[in-house]
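Remarks on the structure that follows.
The chain is numbered in sequence order, starting from 1.
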Amino acid sequence: MHISNLITLFGLPLALAVHHIRVSVPSSQQLQHPNTLLASTHATLTTLSNAYSAPLRSDNTFDFRNVSSGSYLLDVHCHTHTFAPLRVDVRDVTPDVVGDDQEVQVWGTFRGNEWSNKGEVVQAQRGDGIWTFDVKVQGGKDYFIERQAFSPLGLLKNPMILIAGFSMLIVFGMPYIMDNMDPELKAEFEERQKVQPSAAANPLQNFDAAAWLAGSTSSSSKKTEVPSNADRGITR
C-alpha cells in the first residue's frame with residue numbers, strides 16, 4: 001500500500017511535466033484541400049536535447065504526445081508544399097502565480113536569424129488537455145521548369161535580328177531617301193562623293209615578309225645606283 005502511494009507521488013511530477021500538442025493544417029488559398037497532401041508528410045519538433053516526429057493524420061493534423069518543456073522548432077516536411085517554420089515554447093506553469101497558465105506559446109520564426117528574433121504570434125488554444133494551433137502553408141514546390149513556347153515577338157529581342165533588320169532598312173531605304181532628297185542637297189552630296197579622296201593605301205600591302213626575315217630589303221627600298229662618267233662615255 002505504501003509502495004503504490006510512493007509510486008503515485010513520484011509519477012505525479014512526471015505526468016505534469018509532459019504536454020499534448022496538436023498542429024492542424026487549415027484550408028487556404030495556397031492549399032484548398034489539405035487532405036490531398038501525400039501520406040509521407042510529417043512534422044517534427046526539434047530542440048538541442050529532444051526531437052519529436054508526428055505523421056499526418058486523416059483529419060489533417062499532427063499529434064505530438066508527451067512533449068517535455070523546452071523551446072522547439074516546428075517543421076513540416078512535405079514533397080509538394082512549403083510550410084512556415086514556427087517556434088514553440090513549452091513550459092510548466094506555476095500554480096502560485098496568477099495568470100501564468102499559458103503552457104504553450106507559438107511564434108513565427110525566420111531561418112538564419114537569431115533564435116530570440118520572434119515573428120508574429122500564433123494563437124494556441126487549449127481544450128480537453130490538448131494545445132492546438134495552425135501551421136501556415138507558404139506555397140507549392142516546383143521541381144521542373146516549364147519550357148517557354150515559341151513567340152514571334154521574342155525574335156525582336158535578339159540583337160542579331162535587330163542588326164540585320166537595321167541593315168536591310170538602310171539597303172532598301174537609302175535609294176528611296178536619295179530619290180526624295182532635295183535636288184540641291186543631292187547634287188552637293190554627289191559632289192562630295194567625287195571629291196572625297198580614296199582610302200589611304202595600306203602600308204603593309206607591299207610588305208615583303210620573306211625578304212624581311214632573310215635580312216634583305218625589298219627592291220623598292222634599294223637605292224638607285226648613279227652611273228659614273230666613264231660609264232656614260234664622258235672623258236675630260
State which residues pass side chain to side chain donor-acceptor pair (under 3.5 Å) with His42; sequence neighbours excluded, sorted by chain then number.
-> none
Give a yes or no on whether a salt bridge exists between Asp63 and Arg65, defined as a side-chain N under 4.0 angstrom from a carboxylate O.
-> yes
Closest non-hydrogen atoms of Gly140 and His81, given as atom of the first, atom of the second and distance, are CA-CD2, 3.9 Å
Quick one: pull up NE2 in His20 and CG in Asn66 and give me the separation to the nearest 0.5 Å.
-> 8.5 Å
Pairwise side-chain contact, Phe62 with Leu56, heavy-atom cut-off 4.5 Å (strictly under) = yes
Would a distance-only check, ignoring hydrogens and angles, find a side-chain to backbone donor-acceptor pair under 3.5 Å from Asn158 to Met160?
-> yes
Kindly say whether Arg22 contributes a backbone atom to a donor-acceptor pair with the side chain of Thr132 at under 3.5 angstrom?
-> no
Quick one: closest heavy-atom pair of Trp131 and Ala124, and the distance?
-> CZ3-O, 3.7 Å
Can you give me every donor-acceptor pair (side chain of residues 24-34, partner residue at least two apart or in another chain, under 3.5 Å) with its distance?
{"residue": "Ser24", "atom": "OG", "partner": "Asp134", "partner atom": "OD1", "Å": "2.3"}
{"residue": "Ser27", "atom": "OG", "partner": "Gln32", "partner atom": "O", "Å": "2.7"}
{"residue": "Ser28", "atom": "OG", "partner": "Leu31", "partner atom": "N", "Å": "3.4"}

State, yes or no, whether a side-chain contact exists between Ile21 and Tyr72 at a heavy-atom distance under 4.5 Å.
-> no
Mind checking whether Val67 and Glu103 have side chains closer than 4.5 Å, heavy atoms only?
-> no
Return each pair, listed once, that meets salt bridge (Lys or Arg N to Asp or Glu O under 4.0 Å) where at least one residue sits in residues 157-172; pairs must be two or more places apart or across chains.
-> none
Heavy-atom count around Tyr143 OH within 6.0 Å, excluding the residue itself: above 12?
-> yes
Not counting sequence neighbours, which residues clear side chain to side chain donor-acceptor pair (under 3.5 Å) with Thr61? List them please.
-> Arg57, Asp59
For Asn50 and Ser68, work out which heavy atoms get closest and say how close.
-> ND2-OG, 2.9 Å
All pairs passing side chain to side chain donor-acceptor pair (under 3.5 Å) where residues 116-125 contributes a residue, at least two apart = none
Would you tell me whether Thr47 and Tyr52 have side-chain atoms, one donor and one acceptor, within less than 3.5 Å of each other?
-> no
Heavy-atom neighbours of Leu185 CG exceed 12 at 6.0 Å = yes
So which heavy atom on Val135 is nearest to which on Ala84, and how close?
-> CG2-O, 3.8 Å
Identify the heavy atoms of Phe110 and Gly119 that sit nearest to each other, and give their distance.
-> CE1-CA, 3.7 Å
Given Leu73, Val88, Leu86, the one that forms side-chain contact (heavy atoms from CB on, under 4.5 Å) with Thr109 = Leu73
Side-chain contact, heavy-atom cut-off 4.5 Å: Asn60 with Leu37?
-> no
Can you check whether Phe133 reaches Leu74 side chain to side chain, under 4.5 Å on heavy atoms?
-> yes
If you take all heavy atoms of Lys141 and Cys78, which pair is closest and at what distance?
-> NZ-O, 2.6 Å
Rounding to 0.5 Å, atoms CZ (Phe83) and CD (Gln138) come to a distance of 9.5 Å
Got a sec, which residues hit side chain to side chain donor-acceptor pair (under 3.5 Å) with Arg147, two or more places apart in sequence or on another chain?
-> none
